[in-house]
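Everything quoted here is computed from the prediction, not taken from an experiment. By convention in this document, chain letters (A, B, ...) are assigned in the order of the sequence lines, proteins followed by strands, and residues within each chain are numbered from 1.
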There are 2 protein chains.
Amino acid sequence: MTSTRDAALHADVDRPSRREQILRAAAQLFAERGSRAVGVDDVGAAVGVTGPAIYRHFSSKDAMLAEMLLRISERLADGGRDRVAAAGADPAAQLRALIDFQVEFALDNPALIVVHDRDLTSLPAPEATRVRRLQRQYVEVWVTVLARLHPGAEAADCRARAHAVFGLINSTPHSAGRLGRPAMHDLLARMAEAAATA
Amino acid sequence: MTSTRDAALHADVDRPSRREQILRAAAQLFAERGSRAVGVDDVGAAVGVTGPAIYRHFSSKDAMLAEMLLRISERLADGGRDRVAAAGADPAAQLRALIDFQVEFALDNPALIVVHDRDLTSLPAPEATRVRRLQRQYVEVWVTVLARLHPGAEAADCRARAHAVFGLINSTPHSAGRLGRPAMHDLLARMAEAAATA
DNA sequence: CGCAGAGGTTAACCGTCGTTCACGCCGGCG
DNA sequence: CGCCGGCGTGAACGACGGTTAACCTCTGCG
């Protein structure tokens, strides 16, 4: 028999629901051209339907973008917490866990990385606030770890460090896969650790 | 007496021409909301005129964006070349010169940094091509230096390294000046060098 | 003096795009 | 069987925003 969990997983990965297809296609298009430059007709066409069909699945174009950004922020915030918790008590090990996590995410989802920080400004205020809250949570996970690694440093210093490391790792969309994925993972992780502990 | 060079300098810095005012205001607004989200009326209002007045100084909104991005790319490409040339023959010194240059630029022009890589996609094809060519030139300056510092590494490796360092340094808009400027410069330069040489 | 041209203004034009409407198809369920 | 709800379509609507047009006002200069 098939549990609902298996069914959901199956639906997501193997034969995604129309809703899920739309979200994926939209993420890709938004990343390439920017959310304001892609029309609802473009998104529809990318999944083989006409523009207005979108409204059977989302209440508005903004709602699509909102769900996209909220999912990303949640995945990062949750993932960050989990990885640190699983890494034991050593701050250096926690940092490595965070770096691995972020590098994996950035290599797996370059499109989401792009949309995440480019199109936040085109999100209506209430949703934007929720996204920013989640982002802040994720940053704070990093700041906490960095603060333990640099006992003398003030919080602002650690926050700037965190953002700098994000920028470093999230450069993946710019250096489109000329290097193999394992080599890329290794390189970024090494650079990130060096930067974070410098 | 006042040489034409002094006059130009004076005009740019002290009492900028309307054209220059517009370009500055537009850069600020574009950075905050994204070029597609700000109207010509907004830009006009920011310098105290109405929207259509813009067309006395620029042929179109796209032309404004184009000039903005071309200037940035040129400043970076030229500045990069100059700094390396002035740094002597030692690759490590050249790297430090490039890092200093990029950090200064990023701290001086956070708005331009944002517009530079977010709004390139909303630029018409011919101008976008020119901007990309300049960007490539700048990247190549970095790649050349990095290649000499990592004799074993292949070009793709050095290119990824360069983009990662850009991402690191260009994180300035995200960590808005909570840290003092000298401290920020120092921190970023140290992290960048550690990352570049890891 | 008077004209020219630079730089502004308001009003209008028009294409694009998000969104809604009215309708059609189809598959499951009573 | 017959109805109903999920999905999709093409057409139309309405707002917004870039661009143009027509007109006005200064300033400098022959």
Side-chain angles (χ1 to χ4, degrees), chain A residues 2 4 7-8 11-12 15-30 32-69 115 119 121-128, chain B residues 7-8 11-12 15-69 115 118-119 121-128:
Chain A
T2 315
T4 64
D12 274 16
R15 198 152 47 83
S17 68
R18 185 46 51 93
R19 206 185 138 83
E20 224 52 42
Q21 289 181 43
I22 292 173
L23 228 30
R24 273 173 225 229
Q28 194 60 42
L29 290 173
F30 286 4
E32 285 163 12
R33 304 182 223 161
S35 69
R36 292 193 108 101
V38 341
V40 66
D41 287 351
D42 298 326
V43 177
V47 298
V49 298
T50 59
I54 302 281
Y55 291 86
R56 298 293 169 188
H57 305 276
F58 296 91
S59 66
S60 71
K61 193 188 163 191
D62 281 343
M64 249 177 55
L65 182 59
E67 179 156 347
M68 201 179 312
L69 294 184
V115 178
D119 290 309
T121 61
S122 21
L123 202 61
E127 293 91 324
Chain B
D12 275 16
R15 201 153 43 83
S17 68
R18 187 42 57 90
R19 203 185 140 84
E20 225 51 44
Q21 289 182 42
I22 291 173
L23 228 31
R24 273 172 225 227
Q28 194 60 41
L29 290 173
F30 286 4
E32 284 163 13
R33 305 183 222 161
S35 70
R36 292 191 107 101
V38 340
V40 295
D41 288 353
D42 298 325
V43 177
V47 297
V49 298
T50 59
I54 302 281
Y55 291 86
R56 298 290 169 191
H57 305 276
F58 295 92
S59 66
S60 71
K61 193 187 162 192
D62 281 344
M64 249 177 54
L65 182 59
E67 178 157 346
M68 201 179 309
L69 294 183
V115 178
R118 179 176 61 201
D119 291 310
T121 62
S122 21
L123 202 62
E127 293 92 325

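- For the atom pair CG (A:L23) and CZ (A:R18), the distance works out to 13.5 Å, reported to the nearest 0.5 Å.
- Here the CZ atom belonging to B:R36 is positioned 11.0 Å from the OG atom belonging to A:S122, to the nearest 0.5 angstrom.
- The CG-P distance, from B:D41 to D:dG18, rounds to 7 Å in whole Å.
- The side chain to side chain contact (heavy atoms under 4.5 Å, CB included) search around A:A45 returns none, not counting sequence neighbours.
- Applying the salt bridge (charged side-chain N to carboxylate O under 4.0 Å, His left out) definition to pairs two or more places apart or across chains, none involves residues 54-65 of chain A.
- Residue A:H57 has no polar side-chain atom (N or O) positioned under 4.0 Å from OP1 or OP2 of D:dG6.
- Atom P of nucleotide D:dG6 and atom CD1 of A:I54 are separated by 18 Å, given to the nearest angstrom.
- Atoms CZ and CD, from A:R24 and A:Q21 in turn, are 8.5 Å apart once rounded to the nearest 0.5 Å.
- In terms of heavy atoms, B:I22 sits closest to B:H57 at CD1-CD2, 3.8 Å.
- Scored by the side chain to side chain contact (heavy atoms under 4.5 Å, CB included) test, B:T121 finds A:R118 as partners (sequence neighbours excluded).
- Along DNA chain C, the stretch of nucleotides lying under 4.0 Å from any heavy atom of chain A spans, 5' to 3', C:dG18 to C:dA22.
- A:R19 has its CZ atom 11 Å from the P atom of D:dC7, to the nearest Å.
- A search for salt bridge (Lys or Arg N to Asp or Glu O under 4.0 Å) contacts involving B:R19 returns B:E67, not counting sequence neighbours.
- Taking the side chain to side chain contact (heavy atoms under 4.5 Å, CB included) definition, one finds that B:A27 meets it with B:M68, B:L112, sequence neighbours left out.
- For B:D42, the side chain to side chain contact (heavy atoms under 4.5 Å, CB included) criterion is met by B:L29, B:R33, B:V38, not counting sequence neighbours.
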Review item, nucleotides 25-27 of chain D N/O atoms under 3.5 Å of protein N/O:
none

With 3.5 Å as the limit, what N/O pairs link the protein to nucleotides 9-11 of chain D?
unit_1	atom_1	unit_2	atom_2	d
D:dT9	OP2	A:T50	N	2.6
D:dT9	OP2	A:T50	OG1	2.5

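- The shortest heavy-atom contact between B:V40 and B:Y55 is CG1-OH, 3.9 Å.
- With contacts defined as side-chain heavy-atom distances shorter than 4.5 Å, the pair A:L69/A:E127 does not qualify.
- Look at OH on B:Y55: it is 7 Å from P on D:dG18, rounded to the nearest Å.
- Every side chain to side chain donor-acceptor pair (under 3.5 Å) that A:Q28 has, sequence neighbours left out, goes to A:E32.
- For the contact set between residues 29-40 of chain B and DNA chain C, defined by any heavy atom under 4.0 Å, there are no members.
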